[in-house]
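For this chain, numbers begin at 1 and follow the sequence in order.
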Amino acid sequence: MKLRFLLVLAAIALAGCAAATDPRGTNDLGMVIERADGAVSIVETSGQTRLARVEGLGDLSHAHIAYSRDGRHGYVFGRDGGLTKVDLLRGRVDRRIIQSGNAIGGAISQDGRLIVVQNYAPGGIKVFDAATLRQISEVPAEYAPGKRSKVVGLADLPGQKFAYALFDAGEIWITDLSDPARPVTQRYDAGRQPYDALVTPDGRYYIAGLFGEDALAMMDLWHPEAGVRKILQGYGRGEQALPVYKMPHLRGWSAAGGRLFLPAIGRHEVLVVDTSTWQETGRIATLGQPVFVMAQPDGRRVWVNFAVPDNGQVQVIDTETLAVVRTLAPGRGVLHMEFTPRGEAVWLSARDDDRVLVYDTRTLQRGATLDISQPSGIFFTNRSGRIGF
């Protein structure tokens, strides 16, 4: 009897060890930026829980994350020029370097071997080996003798290329990293003060917003020799300019049903663009200045968050009727939104409430709430399989 009892205890212990060390996939994982603490929370979307917290990532007041092809490692780009490789399965920092004085984002190459960082200071991009974070090369954004521009809107492209915009120069550059030690760069006039950009989901068009004029700059990447084409010119013409409380973001993949949904700078509107003609086909009035305008993976609805003083609310737009179907009040300081890989839920960060909230995209009802210190950006690993993320 005693031996049987001991065998049962041993079996229970072994079962516990096996459960604790069971291997898991990475496709439902992600990281949430804790902007005030220089940390990230590792989360999983299947059970809507936090798995671990990783500290020591520096200044994350403006941060971005790109993922390795297998989704195991996240590359965190910090405002202080820090580049940190985080192991999501072990919940720890793998490698960390300080590569510049001021950075606002980065991207990973099509083959997953290169990490590229866009820098404000010194202006330009730097290229690193994704495995070791060893620097391979650099492209200074020197647009005139002795003058460097801040780089924004960096996006990976097919063919080991990267597109990015030079805010101070009013240019778009495309750099070919087929030989990463010897970058080849082409320059194109874009317009006044490009501030952010997106690549369409098929990788064909690169579109940069222009802060200095009422237009967007678009390049057909199949025909770069044609240069930049201005679209939506004069969308605010004849109307009083409003103060801009927060720069909108174009990186929301707001493409749905053959249309783009874009935030209008400083305006209480979402612009609707026909992607077959690149002409404006409508405007949707919103309660505030849009920051992110993000389409669900199925394209059925678009979710919009706002700059102050309306950053405690989110509006949901029907992409068929172009009507606002719901105004939500998730919490104070909603900075970011991220859809789960198949779009059944959206995660919202409410910075000033120290919470991340999960909403059902079908019912628009709130589900789980995660207590996370001053959350901002939410980044799921399925980004690793998408162009421009």
Side-chain angles (χ1 to χ4, degrees), residues 30 45 64 153 155-156 196-209 216 218 231-232 235 247-265 267-307 313-328 330 334-349 357-365 377-389:
T45 62
H64 181 75
D156 56 282
D196 195 14
L198 63 81
V199 179
T200 52
D202 58 4
R204 178 165 181 176
Y205 296 98
Y206 180 81
I207 302 172
L216 288 87
M218 184 185 75
I231 62 174
L232 301 185
Y235 65 80
M247 293 293 282
H249 289 266
L250 297 184
R251 200 62 63 88
W253 292 128
S254 304
R259 292 179 289 193
L260 280 180
F261 294 82
L262 302 169
I265 297 178
R267 309 194 59 75
H268 296 189
E269 293 175 332
V270 169
L271 306 177
V272 184
V273 182
D274 185 324
T275 56
S276 64
T277 63
W278 299 107
Q279 299 295 314
E280 179 185 330
T281 59
R283 300 186 184 193
I284 304 167
T286 57
L287 63 84
Q289 295 180 8
V291 176
F292 281 100
V293 178
M294 300 183 67
Q296 295 175 186
D298 63 3
R300 189 65 182 85
R301 289 168 173 161
V302 166
W303 295 59
V304 186
N305 72 330
F306 303 100
Q313 301 182 77
V314 171
Q315 290 193 305
V316 184
I317 296 170
D318 184 295
T319 58
E320 185 175 41
T321 65
L322 304 185
V324 175
V325 296
R326 190 75 61 85
T327 298
L328 306 172
V334 177
L335 298 187
H336 200 261
M337 304 176 286
E338 182 84 334
F339 294 98
T340 51
R342 300 185 71 173
E344 79 286 350
V346 61
W347 290 43
L348 311 174
S349 61
L357 306 114
V358 183
Y359 278 79
D360 185 303
T361 54
R362 181 177 60 87
T363 65
L364 305 184
Q365 297 300 307
I378 304 171
F379 304 88
F380 293 150
T381 53
N382 65 306
R383 287 171 171 249
S384 65
R386 303 174 68 185
I387 296 171
F389 276 86

Quiz item: Do you know the tightest heavy-atom contact between Pro297 and Thr340?
Solution: CG-O, 4.0 Å

Quiz item: Rounded to the nearest 0.5 Å, how far does CZ of Phe292 lie from CH2 of Trp303?
Solution: 15.5 Å

Quiz prompt | Heavy-atom closest pair, residues Ala307 and Val291 | solution = N-CG2, 3.4 Å

Quiz prompt | Distance in Å, Leu260 CG paired with Met218 CE, rounded so as to fall on 0.5 Å steps | solution = 9.5 Å

Self-check item: Trace of the side chain to side chain contact (heavy atoms under 4.5 Å, CB included) decision for Phe261 with Val272
Solution: CA-CA 5 Å; Phe261 294 82; Val272 184; 3.9 Å; yes

Practice problem: Indicate yes or no: at least one non-hydrogen side-chain atom of Gln289 is less than 4.5 angstrom from one of Arg267. | Solution: no

Practice problem: List the steps and the verdict of ring pair (Phe, Tyr, Trp, His ring centres under 6.0 Å) for His64 and Phe379. | Solution: CA-CA 8 Å; His64 181 75; Phe379 304 88; 5.3 Å; yes

Quiz prompt | Side chain His336, main chain Ile378, donor-acceptor under 3.5 Å | solution = yes

Self-check item: Distance-minimising heavy-atom pair for Ala345 and Val358
Solution: CB-CG1, 3.8 Å

Quiz item: Where the side chain of Gln315 meets the backbone of Leu287, is there a donor-acceptor pair that is under 3.5 Å apart?
Solution: yes

Practice problem: Please examine the side chains of Arg259 and Leu322, heavy atoms only from C-beta on, and report whether any two atoms are closer than 4.5 Å. | Solution: yes

Exercise. Kindly give the heavy-atom pair with the smallest separation between Asn382 and Pro341, and that separation in Å.
Key: ND2-CA, 3.6 Å

Quiz item: If we only count heavy atoms from C-beta on, is the Arg300 to Asp318 side-chain gap below 4.5 Å?
Solution: yes

Self-check item: Heavy-atom neighbours of Glu344 CD exceed 12 at 6.0 Å
Solution: yes

Quiz item: At what distance, to the nearest 0.5 angstrom, does CG of Asp298 lie from OG1 of Thr319?
Solution: 8.0 Å

Self-check item: Check: Asp156 side chain, Gly388 main-chain N or O, donor-acceptor pair, under 3.5 Å
Solution: yes

Quiz item: So, Glu338 side chain and Phe380 main chain: donor-acceptor pair closer than 3.5 Å or not?
Solution: yes

Practice problem: Over all heavy atoms of both residues, which pair between Leu364 and Tyr359 is shortest? Give the atoms and the distance, please. | Solution: O-CD2, 3.6 Å

Quiz item: Would Val302 and Val270 count as a side chain to side chain contact (heavy atoms under 4.5 Å, CB included) if you check the C-alpha gap in whole Å, the side-chain angles of each, and the deciding distance to 0.1 Å?
Solution: CA-CA 10 Å; Val302 166; Val270 169; 5.6 Å; no

Exercise. Under the side chain to side chain contact (heavy atoms under 4.5 Å, CB included) rule, what do Leu357 and Val334 come out as? Steps first, then yes or no, please.
Key: CA-CA 10 Å; Leu357 306 114; Val334 177; over 6 Å; no

Self-check item: Candidate pair Leu232 and Leu262, rule side chain to side chain contact (heavy atoms under 4.5 Å, CB included), full reasoning
Solution: CA-CA 11 Å; Leu232 301 185; Leu262 302 169; 4.2 Å; yes

